[in-house]
Amino acid sequence: MSDPASPHLSVVIPVYNEEPNLPTLFARLYPVLDALGRPYEIVFTNDGSADRSMELLRAQHAARPDVTRVVDFNANYGQHMAIMAAFERVRGEVVVTLDADLQDPPEEIPKLLEKIDAGHDYVGGVRLNRQDSLFRTWASKLINVVRHHTTNIEMTDQGCMLRAYRRAVVDAVVRSGAINTFIPALAYSFAGNPAEVGVRHDERHAGISNYSFYKLVRLNFDLITGFSLAPLQLFTLFALVCAAGSFLLVLVLAYRRLVLGAEAEGIFTLFGIVFFLLSVAMVGIGLIGEYVGRTYQVVRARQQYHVREMLETKTRAP
Ligand code: UDP
Ligand code: MG
């Protein structure tokens, strides 16, 4: 259909154990893209799925070799690294990301492209009717507030992966060599003219979310610590206030000891204060550890994922 060497649009989809969703995804996605009338490619990354996702992707590549490419990871490296691997390989001028579980309806892609055509280099989807658990929705609102106050990244719905980017923004993301990152936020920092557009959000077509509570916490830590030093700085401020308070307390206690003599009542209050300060110190150490860990990973500069196989139609030599 199109020349695989120069598609206009690249659609990037991370796939982790999506066997029950892939057939419906294929059935809905390809017609939408075929109807656009622009040359396109779809780059799937199989993120170490343990089910038959890779077989389905292989069959799909055989069925539509002109527009289908598959990056096959040897293990599970996470959604954002899966997207990163595809970003490194995209050939299109415009790149759209999408989840494989049909929570982001493929039918909404043209809306994003309209904004790109209007001159924006970054278009973020905003889920109009979010279909996630109450806990997810509220946790996400909370993180939104924290992000708003600690970074200069402005987006209404950071969790929505239905997004479109101009190639220059994607190239900047790749060049940044970032690891453990939050791609929409990183891309935002390279965008010149960002925009948002409301998109539909559906319930997961089948299966359950791949995000465990732990993975969600990690991802949001990446979002906050990956883009600002505010947690460290706020902590230092807080520690200073605590130190001043404790110093005053010591003065008061010393005064009482000298004037009123020995007294035992205050001992539990003191314990309380000591435990509080200890926990503050522990949070601080953890926070520093977070940054040291990030620094370590960058310094180590090790390839963060391994591609076992690449399914694609070789492009003609120029
Ligand atoms: N995903 C992935 N690797 C992972 C976890 C998820 O590639 O380790 C993919 C998954 O297949 C889906 C997208 O990332 O296409 C979003 O995952 P999920 O639907 O589980 O997350 P949620 O919608 O609950 O945020
Ligand atoms: Mg989902």
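We count ligands from 1, going down the list as the structure has it; atoms in each ligand are counted the same way.
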Do [Y] and [X] meet the salt-bridge criterion of a basic N to acidic O distance under 4.0 Å?
X	Y	result
R204	E18	yes
R64	D34	yes
E93	R38	no
D117	K115	no
D132	R127	yes

(Q) Set out, in order, the CA-CA distance, both residues' side-chain angles and the distance that settles salt bridge (Lys or Arg N to Asp or Glu O under 4.0 Å) for E114 and K111, then state yes or no. (A) CA-CA 5 Å; E114 261 172 43; K111 273 198 200 168; over 6 Å; no
Q | 2.8 Å cut-off (strict), protein N, O or S atoms about the Mg ion (ligand 2) | A | 2
(Q) Using the salt bridge (Lys or Arg N to Asp or Glu O under 4.0 Å) criterion, which residues pair with D47? Sequence neighbours excluded. (A) none
**Q.** Contacts of type ring pair (Phe, Tyr, Trp, His ring centres under 6.0 Å), residue Y77, not counting sequence neighbours
**A.** F73
Q: Tell me the residues surrounding ligand 1, counting only those with a heavy atom closer than 4.0 angstrom, sorted by chain and number.
A: P14, V15, Y16, E18, D47, N76, G78, Q79, D99, A100, D101, Q103, R136, R204, S209, N210, Y211, K215
Q. With a 6.0 Å cut-off on ring centres, are Y165 and F87 close enough?
A. yes
